[in-house]
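A quick note: this is a predicted structure, and the numbers were derived from the prediction, not measured. In what follows, chains are A, B, ... by sequence order, proteins preceding strands, each numbered from 1.
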Amino acid sequence: MSIDDQSIHAETFILNLGPQHPATHGVLRIKLTMDGEYIVDAEPVIGYGHRMHEKMGENRSYAKFLPNASRMDYVGALLNTHCHVAAVERLAGITVPERAEFIRVITAELNRVSSHLLWMGAFLVDLGAFTPLLYTFDDREDILDLLESITGSRLTYCYYRFGGVCNDIDDDFIAGTRSFIERMRSRMPMYHSLVTENIIFRKRCEGIGGVPAETCRRYGATGPVLRGSGVCYDVRRNEPYSVYPLFDFSVPVYPEGDCMARYRVRMDEIVESLRIVEQALERIPAGPVMAEKVPLILKPARGECYFNVEAARGSFGMRIVSDGLDAPYRLKVRSPCFSNFSLFRECVRGTLLADALAFLGSLDLVIPEIDR
Amino acid sequence: MKSDLRSYLKEIIGGSISLLTGMWITLRQSFRKPVTVSYPYRTLKLPERFRGHIELKADEQGWAKCVVCMACQKACPSFCIKVNGYKPAGMPRKVATIYILDFTTCSLCGLCVESCRFDALMFSREYNLASFRKEDYVMDMLERLRRRRICRP
Amino acid sequence: MPHDWLWETVRLLLYLVGLIGFAAFNAAYLSLLERKEPAWFQLRRGPTEAGPLGLLQPVADGIKLLGKQLLVQGGADVLLFKIAPVAVVIPSIMCLVLIPFSETMGARDISLGLLAVYSFAAINVLATMLGGWASHNKYSSIAAARVVAQNIAYEIPLLLVIIALVMVTHTFDLREIVAQQAGGFWNWNVLRFGASPLMPLAFLIYFICMLAEANRAPFDMVEAESELIAGAFTEYSGMGFGLFFIAEYVNVVVGSSIGAVLFLGGWHCPFGLLPGLHWFLIKLYLLCFAVIWVRWTFPRTQIYGLLNLSWKVLIPLALAHLIVTAVTVKLV
Ligand code: SF4
Ligand code: SF4
């Protein structure tokens, strides 16, 4: 629905959404100019959770930044750390043993599934349904247990190291992951009939929060937001890294560009990730999980590199410039949430408050990742 | 017109069915056993590799194995370890006299444990660490080691 | 006779005390059910610590609410702000006065009972709106506007269904309506196919409208915690909030009671056995269970989805039902 010029000049008021609001999932503030329940303008105010991660990266050694990467997007922590270690490895010319790459892919994809499950639950809470959240958490709990058994932590993993991973996986983990894949697959029909087909859910998602592909391109949106707008772009496919080219998986794309499309992309991605994990478990080679002779203090030669991975929310990239010292000269993070969120202002004009919040939820924002 | 009416009716009927399936699903779930573990009455088994805060290991004589090489202090990204020690006469190695962990800033990354070449560090398996005072988290590792030794059966 | 008059007054007062107790008890234990039932659905345990099985949880909640300070936000309309919670509870309890619990129980019978119930229910809306408006909070004001739109939209199909029912029963007297449904479940209004084949549908429409009237999910636009924080009740603390809370549950009880009375045969046994209060309560709580069940299964509707549902689905269906009923009543 659009607002005619007349009503824009009518009396409007400012509504402060956040920094503490149930729907912003973190300290995000959106200054809404409202005309009744219609949004005339939405000005995001970010930075409440700014922790200077980039600066921190620049004044400490490479290894000391390891725990930081997982704190930006704590929902998909392994995917971020994957980007960090891979960037440094490329810069320092370290080759990673194949088994380690497989382990990285397995754990990262499990993390993606858990991230999407969390998103789905939280999105439905935004829409006012509480029960699916608890079901997704039940499933996610299994992933956390699996990852905890090999990484030692449940949320902010610090598991990847330059040149490999710090612990090998064991048979229990492999068996556990196999049975989790079975379980998750058997749960999908339940989710579809509880949520996807629910008429109230469909009414609230179909045609709501439309983002044209052109807008995505202008703002640099990636990940499920872009794929939900009909553009087939997935870093794992377009700029393959790690051992992803070895696996057979498809990239779900939906052209509608609305909340429902983004929801469907993520649901399909869960299935695809499970497929990748399954194949990786089949084909994982034996061998070391850590490259030999990785110096304790890394001092990459002068130069720079950019590495990006397909994180749960889109293309997560790191640019590292080295001047030959033990700390990077510059470390720049490209966070997908920041770009995905940028288009919010443009696309939300003229929608109702409740639709705007559904839209906000469907972007899958992790605020600390925007703020860094 | 006719197809409009048909799709209208189809939506009503399909919608009602979807709502009923939803209710059927939640009802069916309610007969399953709760997954909640009633902490603190019951607890979960910790995995082998659980990462708690760090803890010093003792050698056979009960001394801390730490040789004050400072590797952990240097490796720690959060600057939360403070080690100091001296070399007593007659000992082949240095012994730690101060080993303090500021757990408030620890990021549980495990880099300290990995950097220790003398197998002197391990992860604690303790997680009931709530406290009202910040000072409680500045832990004296040597003191904890001493207490552990006394408590051992 | 003056004696009769006195006796009637004492009886009414006793009933009133009893009903307030009933309302408070229901509000307390429905709030517990509201926590336990989703816990079953969600594979959790719900409250377990206060008392055996958490049965004393409502007491703990009540003490907590009573112990809190009543804050009035600067800029609020103090008088209206304070009146609103009271004004929202009283009509709900007045509705209870009119409900026949069993053949012999019931505070007051009036021949226009059904009409009176809905007149009181309308005050409820007004009070919620006042509370939202007087709060001087933008979220609350939005909620206040929503509550009016929603209730106008839902009163129409509700009343259409009820008019159709009255055409069948020829009376507004709740006691009389129940009396007509004696026998067994095949005599209940919900299955009175002789009057209109659409009767079960009418009951469904009634149930949906009841949810909307009581502002229960999926129609809880007024509270909408993920959009409007707590909607009209955002600024209320302590017992001010508690009263809104009580009113919500009493409204559920009233709605379910009326549903049981109008469609499910009130105090009559489904199998034509001994009628009594227990049958009424069983039906009442089954309906309450369903209300909570619905809440914990579905997402919230969007405000225009809600209005669409009312104007495009419920009202046409209710009208169809009305016409069918009118024709059959005329013919038979
Ligand atoms: S776990 Fe990490 S942050 Fe904690 S003391 Fe060890 S090195 Fe420092
Ligand atoms: S690295 Fe090990 S031996 Fe060295 S100071 Fe730390 S604990 Fe002691």
Region of [X] in contact with chain C, defined by heavy-atom distances below 4.5 Å:
{"X": "A:D138", "value": "side chain"}
{"X": "A:I199", "value": "neither"}
{"X": "A:L127", "value": "both"}

Inset, instruction - Would you confirm whether the ring centroid of C:Y285 sits within less than 6.0 angstrom of the ring centroid of C:F289? - result: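 No: the rings miss the under 6.0 Å criterion.
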
Legend entry - Aromatic contact, C:F263 with C:F207 (centres under 6.0 Å):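 Between C:F207 and C:F263, which both carry aromatic rings, the centre distance is not below 6.0 Å.
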
Inset, instruction - Count the heavy atoms of every other residue, nucleotide or ligand shown that sit under 6.0 Å from CZ of C:F81, and state whether that count exceeds 12. - result: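 Yes - once you tally the heavy atoms of other residues, nucleotides and ligands closer than 6.0 Å, there are more than 12.
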
Legend entry - Over 12 foreign heavy atoms within 6.0 Å of CG, C:L286: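 Atom CG in C:L286 is packed in, count exceeds 12.
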
Inset, instruction - Answer yes or no: is there a donor N or O on one side and an acceptor on the other, between the side chain of A:K31 and the main chain of A:I14, under 3.5 Å? - result: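 No; zero donor-acceptor contacts below 3.5 Å.
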
Legend entry - Residues in residues 187-197 of chain A that sit under 4.5 Å from chain C, counting heavy atoms only: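 Checking residues 187-197 of chain A against chain C gives A:L194.
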
Inset, instruction - Just give me the residue among A:F137, A:F201, A:Y135 that pairs up with chain C most often, heavy atom to heavy atom, under 4.5 Å. - result: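 Most heavy-atom pairs within the cutoff with chain C belong to A:Y135.
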
Legend entry - Pairs of heavy atoms under 4.5 Å with chain C: top-ranked of A:L352, A:L133, A:V125: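 Winner by heavy-atom pair count: A:L352.
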
Legend entry - Sidechain N-carboxylate O distance under 4.0 Å for A:R204, A:D258: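 No, this pair does not count.
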
Inset, instruction - Using a strict 4.0 Å threshold on nitrogen-to-oxygen distance, state whether A:R154 and A:E141 make a salt bridge. - result: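 A:E141 and A:R154: salt-bridged.
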
Inset, instruction - Pick whichever of C:F298, C:W296, C:Y139 has the most heavy-atom pairs under 4.5 Å with chain A. - result: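 Of C:F298, C:W296, C:Y139, C:Y139 has the most heavy-atom pairs under 4.5 Å with chain A.
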
Inset, instruction - Mind running salt bridge (charged side-chain N to carboxylate O under 4.0 Å, His left out) on A:R264 and A:E256 for me, showing each step along the way? - result: CA-CA 11 Å; A:R264 284 184 189 281; A:E256 295 88 2; over 6 Å; no

Inset, instruction - Measure C:P218 against the heavy atoms of chain A and call it side chain, backbone, both or neither at under 4.5 Å. - result: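 For C:P218, side-chain heavy atoms alone lie under 4.5 Å from chain A.
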
Inset, instruction - Go through the side-chain N and O atoms of A:S114 and A:N111 and say whether any donor and acceptor fall under 3.5 Å apart. - result: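 Present: a donor and an acceptor within the cut-off.
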
